[in-house]
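What follows is a short report on a single structure.
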Protein chains: 4
Amino acid sequence: MLAYSGGLDTSVILRWLIDKGYEVVAFIADVGQEEDFAAARAKALKIGAAKVLVDDLREEFVTHYIFHALKGNAVYEGRYLMGTSLARPLIAKAQVQAAQRERARFVAHGATGKGNDQVRFELAYCALDPGLRVISPWKDPEFLARFRGRTDLIEYARQKGIPVKATASKPYSEDDNLMHISHEAGVLEDPAEAAEKAVYSKTRSPMDAPDRATRVSIRFRDGLPVEVRNLSDGTVKRKPLELFTYLNALGGLNGVGRVDMVENRYVGIKSRGVYESPGAHILWAAHRDLEGIAMDKEVMHLRDMLAPKFAELIYNGFWFSPEMDFLLSAINRSQELIDGEVVVELYKGNVMPVSRSSPTSFYSKDLSSMDREGGFDQTDSAGFIRINGLRLRAHKAIIDKRGLGSYKVEE
Amino acid sequence: MLAYSGGLDTSVILRWLIDKGYEVVAFIADVGQEEDFAAARAKALKIGAAKVLVDDLREEFVTHYIFHALKGNAVYEGRYLMGTSLARPLIAKAQVQAAQRERARFVAHGATGKGNDQVRFELAYCALDPGLRVISPWKDPEFLARFRGRTDLIEYARQKGIPVKATASKPYSEDDNLMHISHEAGVLEDPAEAAEKAVYSKTRSPMDAPDRATRVSIRFRDGLPVEVRNLSDGTVKRKPLELFTYLNALGGLNGVGRVDMVENRYVGIKSRGVYESPGAHILWAAHRDLEGIAMDKEVMHLRDMLAPKFAELIYNGFWFSPEMDFLLSAINRSQELIDGEVVVELYKGNVMPVSRSSPTSFYSKDLSSMDREGGFDQTDSAGFIRINGLRLRAHKAIIDKRGLGSYKVEE
Amino acid sequence: MLAYSGGLDTSVILRWLIDKGYEVVAFIADVGQEEDFAAARAKALKIGAAKVLVDDLREEFVTHYIFHALKGNAVYEGRYLMGTSLARPLIAKAQVQAAQRERARFVAHGATGKGNDQVRFELAYCALDPGLRVISPWKDPEFLARFRGRTDLIEYARQKGIPVKATASKPYSEDDNLMHISHEAGVLEDPAEAAEKAVYSKTRSPMDAPDRATRVSIRFRDGLPVEVRNLSDGTVKRKPLELFTYLNALGGLNGVGRVDMVENRYVGIKSRGVYESPGAHILWAAHRDLEGIAMDKEVMHLRDMLAPKFAELIYNGFWFSPEMDFLLSAINRSQELIDGEVVVELYKGNVMPVSRSSPTSFYSKDLSSMDREGGFDQTDSAGFIRINGLRLRAHKAIIDKRGLGSYKVEE
Amino acid sequence: MLAYSGGLDTSVILRWLIDKGYEVVAFIADVGQEEDFAAARAKALKIGAAKVLVDDLREEFVTHYIFHALKGNAVYEGRYLMGTSLARPLIAKAQVQAAQRERARFVAHGATGKGNDQVRFELAYCALDPGLRVISPWKDPEFLARFRGRTDLIEYARQKGIPVKATASKPYSEDDNLMHISHEAGVLEDPAEAAEKAVYSKTRSPMDAPDRATRVSIRFRDGLPVEVRNLSDGTVKRKPLELFTYLNALGGLNGVGRVDMVENRYVGIKSRGVYESPGAHILWAAHRDLEGIAMDKEVMHLRDMLAPKFAELIYNGFWFSPEMDFLLSAINRSQELIDGEVVVELYKGNVMPVSRSSPTSFYSKDLSSMDREGGFDQTDSAGFIRINGLRLRAHKAIIDKRGLGSYKVEE
């Protein structure tokens, strides 16, 4: 069961596996990428696939992967929303299920041996069906010896009658799906070189975006988006896939969601990535803003400490894992009260929350028990501060006595 | 020794303290706020201050407070860069030193009893001179009974001959300094109401900002900014205060650094704050970007977990504390290799890092020992993944056996 | 609704409240302390209580408080198992429920104003019924002025005809319940003075304990103890309260569970506590040992990082709180596979796990899928290590180049 | 440069490397293990080593490895003090330095491919000299094919004239050094089987230990032990190596420091280990006890959260790493005030702190500034609690309103 994309790499792998004596089923996952699935199916069959399966995973991608990651404010190294990282375990899961249905004993993928995707695919295989054997050509010494670069692949394709696109491929690699498109490697590899405008494809440049802001209201229930309302034209979207696609369009139009960064791959290599994830950025900002009003302070501060770990697990491919179960149990609990509505302005690259309301807010006027209690007595603060200052006084007395007298901040 | 601002509240407090029999020295801290210090001095003397001290703290504010917070990526609840939180301990420190010089036995401030600033002032007093007694009128029952609102203050001022500005004050409260201006309370209190354009004063609206982007190069050494270069016009700034002030101007012009959020005060109240901190936002984004290329992955991930705590300590007023010493020791160490240069584009509210380079980068071509080692062998990944997958396989086998079979992410 | 213990303090408070015009219901919680509840009831009625309620909370204390804390390995500052901290929220909850049933509008307790218990009681009141008003005499200036020490209390008791025990009270204070007995203050206050043997009451001195070890097998299901089997004499206990009481007896006999430490109170005071919690120590050690075999590594390491926070929340009185909900959701999930059996030896103060087995263990021979996979290929380690070493090589090259060349561990 | 122990494995490896054409220097590290170093040297020369180096690392092991780990309270998975984990980076460092002196281009070791030690050796090589090439026979397919078990090694030894000890080796493997001896694998592999008494060699059984307790006073300066005083017989030790060796003897005599546990190896395998580390256990307990009195609460709670990570880094072999530098900077700072003296009782397996004093303690009577402040005002607690309860009241009101009404602890 080969995860098949229709591109040059997996087409060569498909044929190579057949040549090695495997009966190969090509598994094509539709996670929202721009692709002619009928053409890909035909191509796989032409190359010799015993069967081709095309699985539409878009709905599940949005509801169970994208929305769950956003619910936990997942962001890797401060910026990357992980469109690729989230798609991989879903594709792997569907591929494993297909393998089980078709009684395949091997699963294969075309991810390279220096990247994160290989890890994400293979850890998901481990976690979902430890009995499956993994074939990973880009880590196979024989395959690596045979195919040293793109030229070898093209040559092999020509020999085997595999169609190769006439158009020159882009001078960098991309991964496209519902949540984002990534651009990396090739001419983008040097982090000291600014990315050219032409690199971007899902978002307009902020400089070319409309001169008027678009106001959007987003409603959440239990931390998940349930309604998007365009306040400029009245459009309303409620179904997850539609809602998300709509935000992608709005965000893209307004130049929202571009990231250009150097990140740390799981395998210890630093890598420059250029990303576009317009809809996800809007939801991320709106969700975070809503938490400001609806989430308890101590829950937020604990969760914020764990959020980098949550992102790391996603990025590294531990979506299906006991430690993810552990973290997600807490995160899910934290979202039970994250209900309400946020209005954001989209404008030339900015997502600006401008107002928010929540039935679970501290501010709500019908929290009558708070009123009954008389709210806040300022003299309480005196005791609060004195008690918090107690150990600071003692500390100062001790360091003075020991002659250590200064604080680190003063050095 | 009264922290004196020249405004209505501290002027009334000054007089009230004199009436209570104290000899009062008015301490005016210049942390970069827009203020006529000569007029404030004259006013204090007129009211009856025994002495007035004006302390220019701007240089120290930039180098030891703002830059140190940015070095640790301090940001409270995901958005607030803490311009006010950082100024308070500095003012308190200078006030304590003045009290020690003048042999004052009491320190007083005019911060309210429901806010964060009272805590920041008083914890700093505790940490720096536990022997000083604190007078905090807005937590004093007698003062609170006497002054129930602004009208009482004005009435008292009239009685005592304290000049009151004729101009109507703003319908919300502000705190202004080098790093930011904050706007809160009053008409801004309802988080469901968008802030009006007129609220903002340090930044242009992104919509009114220039139509062309400004490119700025920022150079860091040990995590601290040491040079700003405007690539459009060649301006170069190197002295900390100048460099920061220049970025404030550039950022303000380009609509950078606005935040509108609901945050959690230390005293357990949620509060809506509107902030403008243009220069700090630029530095924050550039610094974070540089870390992408120059910081070790594991250091970054550990630090990211602690960064919310670092911010919480600043926000809550524990700038001078043993736990800050603890955290800062680690943070300082993490910055020793954060050297290099980041180019950012400022454009209508956006700060977009577009390129970066560092002598401590993994990418550097003269890291010849990396080359000599042959870099990366893709077949290594096979073992890496299999070993990481080992416990996932075991876990799956166990949950299947126990009939627990699903992962949390699938629920 | 007064939390009433039958002792001098709460008897005086009971009467004082009546004198202040309150109608007082005395609420007596049975959490397993040694107490003559009939006598306490009679005493309260004699003093003038409108009603006396005695609530047997022992079963709930064991199943919902003690076992849940042990499930999460709660231990404060490395040693204290929190027998007092856990009883407080339970008493407060039962008291609140009693107040609601009896339509009481005030809840009162006799905890001092310098300790942790006042916080635990009052935070639980807040969390369970914010509408109730709290009366806390030991923080009431009038009460404090009236009763400056034990002599005043005794004098008042004599005046009011409240019986005072003829026997001299102990020269330190104690808190006794099913889980532990604590001893603190008074002659124990000086941490440089060793506690005398006579202080201990629930455990024999290790030196007086039997010369032969007792072997006990403890079975857990989902992290909770479900069976204790004395391997020496065949005794078996399965009901939570019986099981726990039995372990208390065994532990006490064998000198297990003593702690003598200096701890940090929530209110910022350091305090020396001497504790005895025999049964809880045995369960703690056995549970931790079982986790060694049955818990996933990454879950354990994440949980271990959060365990101090879990303990802190319990200690500080945040048992009923959203942040406890957050943490406990994760902890509960982590315990779903903690099934199995641990054999411990109890011997003169020691609890020594000597063997353990688990149906959810990695070791289990019927994990056939692991076998099928061939287990572990040593050559995988080569790649695993090389990839983990990659960033260390780069780091070394960088620090050499920058002349920073040494590691902190070498300083 | 081969890390040589004198045992069968590294003797075979030594010869095998010579057969492969390498010129081999045997590097013998003295970390306090029981070994006849002269015999080992002679054996290596007889086998054909070009040179033999014996390096006495005991002093450095105590002062820079053992004491630093104890200073940070390092303990892996709650129990293991890491005697082996700490020795490995030291041996590797000395081996690297020897390689540099001797201009060796390869470093080799005899650790197996399924364990932790290979990782610790090789990560240290990476971190200290990335240019060195690593030879690890137990991960080399050729070596693994040649030597499938102990029989093959003995057979080869016989062929090559390598002396093999006549005595039957133990039915499990051991690692011995100054800090501990470990026993694992072989008959100990089944965690359900209790270890036999004969396994232990550095400690008496608690049951055979003296019937009288030994009182020892330990003095620390900056978190490091500087003096041990046996209160029973007046013995005093101050030099690190002597002090530590003395505590090993005392602890061993009193049955202190045994651990029997299942732990998680870095490579994802669970493993049962039986350990004896008498001196280290005494210091660990005494140091932790002293922190109770001398360490600030917030520092302790932060540090306690990071302590599992500190231990994990040591266990996994990241002793020389930037993340260790990061953590250790904070830990070192936290120890600057950890001065004072702890008295512990050693008795049949127990280490019981009974009293402690510190010049940096809160309790110290000459902290006159604390006294001057009048200490603690109980009415302060009222405000402290009300403010801490504020968000709990709000939370309760919200969950009631939303019908979510219960806390996790009640489920």
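The analysis underlying the following values was restricted to heavy atoms, covering all of them including side chains, and did not include hydrogens, waters or symmetry mates. Numbered from 1 within each chain, the chains take letters A, B, ... in sequence-line order.
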### Message
Looking at D289(B) and R79(A), is any side-chain nitrogen of the basic one under 4.0 Å from a carboxylate oxygen of the acidic one?
### Response
yes

### Task
Check whether K93(A) gets within reach of chain B through its side chain, its backbone, both or neither, counting any heavy atom under 4.5 Å.
side chain

### Summary
Applying a strict 4.5 Å limit to non-hydrogen atoms, the region of N316(A) in contact with chain B is neither

### Task
Heavy-atom distances under 4.5 Å only: say whether F384(A) touches chain B with side chain, backbone, both or neither.
side chain

### Task
Indicate yes or no: at least one non-hydrogen side-chain atom of M352(A) is less than 4.5 angstrom from one of P206(B).
yes

#### Entry: Distance, nearest 0.5 Å, that separates CG of N350(A) from OH of Y347(B)
9.5 Å

### Query
CZ/F376(A) to CZ/R265(B) distance, rounded to the nearest 0.5 angstrom?
8.5 Å

### Task
Taking atom types as modelled, find out whether S381(B) and Q118(A) have a side-chain donor-acceptor pair closer than 3.5 angstrom.
yes

#### Entry: When V409(A), V134(A), V354(A) are compared by non-hydrogen pairs under 4.5 Å with chain B, the top option
V409(A)

### Task
Can you measure from OG1 (T379(B)) to CG (D140(A)) and round to the nearest 0.5 angstrom?
10.0 Å

### Task
Decide, yes or no, whether a salt bridge links R386(B) with E122(A) under the criterion of side-chain N to carboxylate O below 4.0 Å.
no

### Query
Under 4.5 Å between any side-chain heavy atoms of L306(A) and M305(B), yes or no?
no

### Query
In terms of side-chain geometry, is the basic nitrogen of D190(A) or R356(B) positioned less than 4.0 Å from the acidic oxygen of its partner?
no

### Task
Counting only heavy atoms closer than 4.5 Å, note whether P322(A) contacts chain B via side chain, backbone, both or neither.
both

### Query
By a 4.5 Å heavy-atom criterion (distance strictly below it), what part of R303(A) contacts chain B: side chain, backbone, both, or neither?
neither

### Task
Report the distance from atom CG of L328(B) to atom CD of E410(A), rounding to the nearest 0.5 Å.
11.5 Å

### Summary
Under 4.5 Å to a heavy atom of chain B? For M300(A) that would be side chain

#### Entry: Contact class of L144(A) relative to chain B, heavy atoms under 4.5 angstrom
side chain

### Task
Would you please indicate if the ring centroids of Y76(A) and H301(B) are separated by under 6.0 Å?
yes

### Most contacts with chain B, counted as non-hydrogen pairs under 4.5 angstrom, among G255(A), S357(A), S329(A)
S329(A)

### Query
Side-chain contact, heavy-atom cut-off 4.5 Å: D325(A) with E411(B)?
no

### Message
Please rank M207(A), M295(A), H68(A) by heavy-atom pairs under 4.5 Å with chain B and give me the top one.
### Response
M207(A)

### Query
Measuring heavy-atom distances to chain B, does L128(A) have an atom under 4.5 Å in its side chain, in its backbone, in both, or in neither?
both

#### Entry: Proximal component of E323(A), with respect to chain B [non-hydrogen, under 4.5 Å]
side chain

### Message
Salt bridge or not between E312(B) and K297(A)? Use side-chain N to carboxylate O under 4.0 Å.
### Response
no

### Task
For residues I385(A) and K139(B), determine if any side-chain heavy atom of one lies less than 4.5 Å from a side-chain heavy atom of the other.
yes

### Query
So which part of F326(A) gets closer than 4.5 Å to some heavy atom of chain B, the side chain, the backbone, both or neither?
neither

